[in-house]
Amino acid sequence: MAGKTYEEINAKIRRGEAVVVTANEVIDIARDIGVKKAAEKIDVVTTGTFGIMCSSGAFLNFWHTKPKMKMQHIWLDDVPAYGGVAAVDCYLGATELPAGDPGNAHYPGHFRHGGGHVIEALVAGRPVHLRADAYGTDCYPRRSYEQTLTLADIRQAFLFSPRNCYQNYNVATNCSDRTVYTYMGVLKPHMGNVHYSSAGQLSPLLNDPYYRTIGIGTHIFLGGGEGFVAWPGTQHAPDDPRNARGIPLGGAGTLAVIGDLKQMDARFVRGVSLTGYGVSLMIGIGIPIPILDEEALYYTTVTDVEISAPLCDYGPDGYPTGEPCTLGYVTMAELKSGEIEFEGRRIRTAPLSSYSKAVEIAETLKGWIAAGRFTLGQPSRLLPTDEKFSGGCA
Amino acid sequence: MADTITKSVSLRYSPELVDAPIIYHLVRDYHLIPNIIRASISPNKEGYTLLSLTGAEEDFRKAIVYLQGLNMVVEQLADKVSWDELRCTQCGACTAVCPSGALSVQRPEMTIRFDGTKCVVCHMCIEACPVDAVKLDF
């Protein structure tokens with residue numbers, strides 16, 4: 001087929017004529033009519049994922065107080081925000097804990113409140129208490145400020161996450177003799193359970209594994225509002241080994257994403273507490289894949305059977321040591337069934353990401369595009385596919 | 001016996017306590033009737049026991065002091081767990097740790113279902129839920 005362009009697809013979207021399906025629906029369509037015909041018929045395939053995404057946070061600007069102040073230390077509901085940006089700008093990180101949080105002093109700690117919860121509260125429109133101090137300057141004399149405010153009172157607020165939307169991810173178990181409390185949840189001893197976090201065949205970067213359509217400027221569903229891909233995410237590792245379908249066998253690609261917090265919906269932006277670990281943010285992301293050609297469509301037809309992820313030991317002798325901890329590979333289809341078989345044993349699995357929310361996101365995005373209210377963003381640079389990233393502490 | 005009570009208790013203990021005849025002492029010294037709901041015990045390994053204890057309130061209190069004196073992590077459990085469907089993000093983190101199948105994933109839609117009649121109030125879901133959607137009703 002002759003390829004389609006972004007402009008052509010966007011023109012169809014604006015006319016309300018675009019054919020949009022989800023990454024689940026495209027599988028059956030391509031099976032029925034073939035990849036070639038499906039690629040001619042379909043303009044956009046929507047994806048979705050909803051899970052805990054560390055390396056999330058928000059930039060906030062409070063506008064100037066009277067008299068003016070260069071806020072040095074800033075707290076929102078007692079959670080410190082980084083103020084070393086400018087006078088009244090700050091960055092609130094999802095994993096930040098309130099001052100005085102006991103951490104794991106009483107192991108395992110509960111971590112009921114933190115940066116992720118404050119971001120959720122802001123998005124939900126709930127009041128948040130701002131407190132700031134400063135040393136005072138000739139131009140910014142004020143030394144302290146306290147105010148209860150809501151998101152509507154904050155001048156600019158945008159989510160800017162350096163690393164979200166991992167392409168694939170470790171599957172966690174625990175080979176040790178004791179329960180471990182990890183960012184992958186509570187893992188019982190002797191491989192008592194297996195946790196995973198991926199939307200599988202619906203997951204954005206698994207539907208365009210070589211980032212042929214995803215890059216800087218890609219227009220996305222972010223937290224219930226509209227956002228953009230801003231940059232390759234931190235720890236982006238496109239050179240991870242891949243299977244014959246192009247699916248990476250490790251985390252591989254990541255995205256730095258940006259979007260207006262004021263547009264978001266708290267159903268898709270949730271603070272989370274991970275017992276014994278800390279706090280973070282659950283966020284929903286959906287990416288539309290433009291069907292520019294047959295190859296683009298072929299990649300969107302990936303199924304859970306074709307997606308494998310490394311089963312890793314998160315016990316004290318595994319993942320924490322920094323040494324290789326992969327025990328083997330399991331498919332997303334097995335994981336989603338509720339049980340995997342490993343070395344002759346059947347082990348119960350549980351997701352940490354919400355598949356039903358991922359479906360809701362892909363459906364919502366499909367609705368937006370079909371209604372003509374959301375057009376595609378043509379990336380000005382695609383994500384790197386072959387760069388070797390080096391550097392790191394030992 | 002008007003003052004007879006039944007309460008659920010979870011015990012976590014280090015390997016050196018695994019071989020101790022603790023249930024025997026609960027029966028003989030504190031006249032309690034134990035009903036073990038779930039146990040995960042093996043020699044030289046961490047132990048976890050979830051049990052309900054029936055007996056006189058005074059004896060129950062003394063038994064808890066005895067268990068705590070052994071350096072066990074003793075948690076008295078609430079009578080009921082409630083699940084807040086609106087707070088739940090439908091992730092499923094609770095489902096692999098739930099021992100009774102009270103919290104389960106409905107397939108293929110992958111939504112979470114809570115069946116209170118199956119719940120043994122073990123608290124595992126409270127630890128596992130990242131968004132505080134399961135709560136204890138005292």
Side-chain angles (χ1 to χ4, degrees), chain A residues 24 50-52 106-108 110-113 116-117 120 173 176-179 181 183-190 192-197 199-200 202 267-268 270-277 279-282 284 336-339 347-360, chain B residues 10-18 38-50 71 73 75 84-113 122-136:
Chain A
N24 274 345
F50 182 85
I52 300 168
H106 298 284
Y107 178 81
H110 293 305
F111 305 104
R112 289 289 176 219
H113 178 65
H117 298 88
E120 176 191 322
T173 190
S176 79
D177 294 341
R178 67 171 182 90
T179 300
Y181 298 88
Y183 70 85
M184 289 295 287
V186 183
L187 299 170
K188 298 192 283 186
H190 311 297
N193 55 343
V194 162
H195 282 176
Y196 66 98
S197 184
L202 207 50
R267 288 189 310 128
F268 298 106
R270 298 289 300 274
V272 299
S273 307
L274 292 158
T275 303
Y277 174 74
V279 296
S280 189
L281 192 70
M282 243 182 191
K336 268 172 79 181
S337 77
E339 227 180 34
I347 308 169
R348 283 171 73 180
T349 66
L352 286 182
S353 55
S354 171
Y355 186 75
S356 62
K357 286 261 189 203
V359 171
E360 188 182 343
Chain B
S10 80
L11 310 173
R12 270 184 206 283
Y13 38 95
S14 53
E16 54 270 25
L17 281 175
V18 166
R38 185 174 171 82
S40 154
I41 306 165
S42 46
N44 304 318
K45 311 273 165 69
E46 172 193 78
Y48 171 80
T49 305
L50 170 68
N71 246 346
V73 180
E75 227 180 317
D84 185 340
E85 192 170 357
L86 290 176
R87 276 204 68 74
C88 178
T89 63
Q90 310 282 327
C91 78
C94 55
T95 57
V97 293
C98 177
S100 64
L103 283 155
S104 60
V105 177
Q106 301 300 294
R107 294 183 166 78
E109 58 277 12
M110 301 295 283
T111 52
I112 308 306
R113 182 164 175 261
C122 70
H123 288 207
M124 294 298 284
C125 55
I126 309 283
E127 275 189 351
C129 176
V131 293
D132 215 12
V134 270
K135 288 202 168 70
L136 298 172

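Side chains are part of it too, since the values below use all heavy atoms of this structure and drop only hydrogens, waters and symmetry mates. Residue numbering restarts at 1 for every chain, and letters A, B, ... go by the order of the sequence lines.
- Minimum heavy-atom separation, A:Met282 to B:Cys91: CE-CB, 3.9 Å.
- The greatest number of non-hydrogen atom pairs below 4.5 Å with chain B, out of A:Thr179, A:Ile52, A:Thr349, is found for A:Thr179.
- Looking at A:Tyr277, neither its backbone nor its side chain comes within 4.5 Å of chain B, counting heavy atoms on both sides.
- Counting only heavy atoms from C-beta outward, the side chains of B:Met110 and A:Ser354 never approach each other to under 4.5 Å.
- The backbone N or O of B:Ser14 lies less than 3.5 Å from no partner atom in the side chain of A:Arg178, so there is not a single donor-acceptor pair.
- Counting heavy-atom pairs closer than 4.5 Å to chain B, the top-ranked of the candidates A:Pro351, A:Ser273, A:Ser356 is A:Pro351.
- Of the possible donor and acceptor atoms, none in the side chain of A:Arg267 sits under 3.5 Å from a partner among the backbone N and O of B:Thr89.
- Residues B:Glu109 and A:Val359 fail the side-chain proximity criterion, which asks for heavy atoms closer than 4.5 Å.
- Within a 6.0 Å sphere centred on CD of B:Glu85, other residues, nucleotides and ligands contribute 12 heavy atoms or fewer.
- Counting heavy-atom neighbours within 6.0 Å of A:His110 NE2, excluding the residue itself, gives a total of 12 or less.
- Of the atoms belonging to A:Leu352, heavy atoms from both backbone and side chain fall under 4.5 Å from chain B.
- B:Leu86 touches chain A through its backbone: at least one of N, CA, C or O sits under 4.5 Å from a heavy atom, while the side chain does not.
- When each of A:His190, A:His117, A:Glu120 is scored by its heavy-atom pairs under 4.5 Å with chain B, the top score falls to A:His190.
- Contact count against chain B (heavy-atom pairs under 4.5 Å) is highest for A:Ser337 among A:Ser337, A:Ser176, A:Ser280.
- In this structure, the side chains of A:Glu360 and B:Gln90 stay at 4.5 Å or more apart for every pair of heavy atoms.
- With a 4.5 Å cut-off on non-hydrogen atoms, B:Cys129 touches chain A through its backbone but not through its side chain.
- With contacts defined as side-chain heavy-atom distances shorter than 4.5 Å, the pair B:Glu127/A:Tyr181 qualifies.
- Looking at A:Phe50, the atoms closer than 4.5 Å to chain B (heavy atoms on both sides) all sit in the side chain, from C-beta outward.
- Only the side chain of B:Arg12 comes within less than 4.5 Å of a heavy atom of chain A; its backbone N, CA, C and O stay farther away.
- Heavy-atom pairs under 4.5 Å with chain A peak, among B:Ala96, B:Ala93, B:Cys94, at B:Ala96.
- Scanning all heavy atoms of the two residues, the minimum distance from B:Val97 to A:Asn193 falls at CG1-ND2, 3.7 Å.
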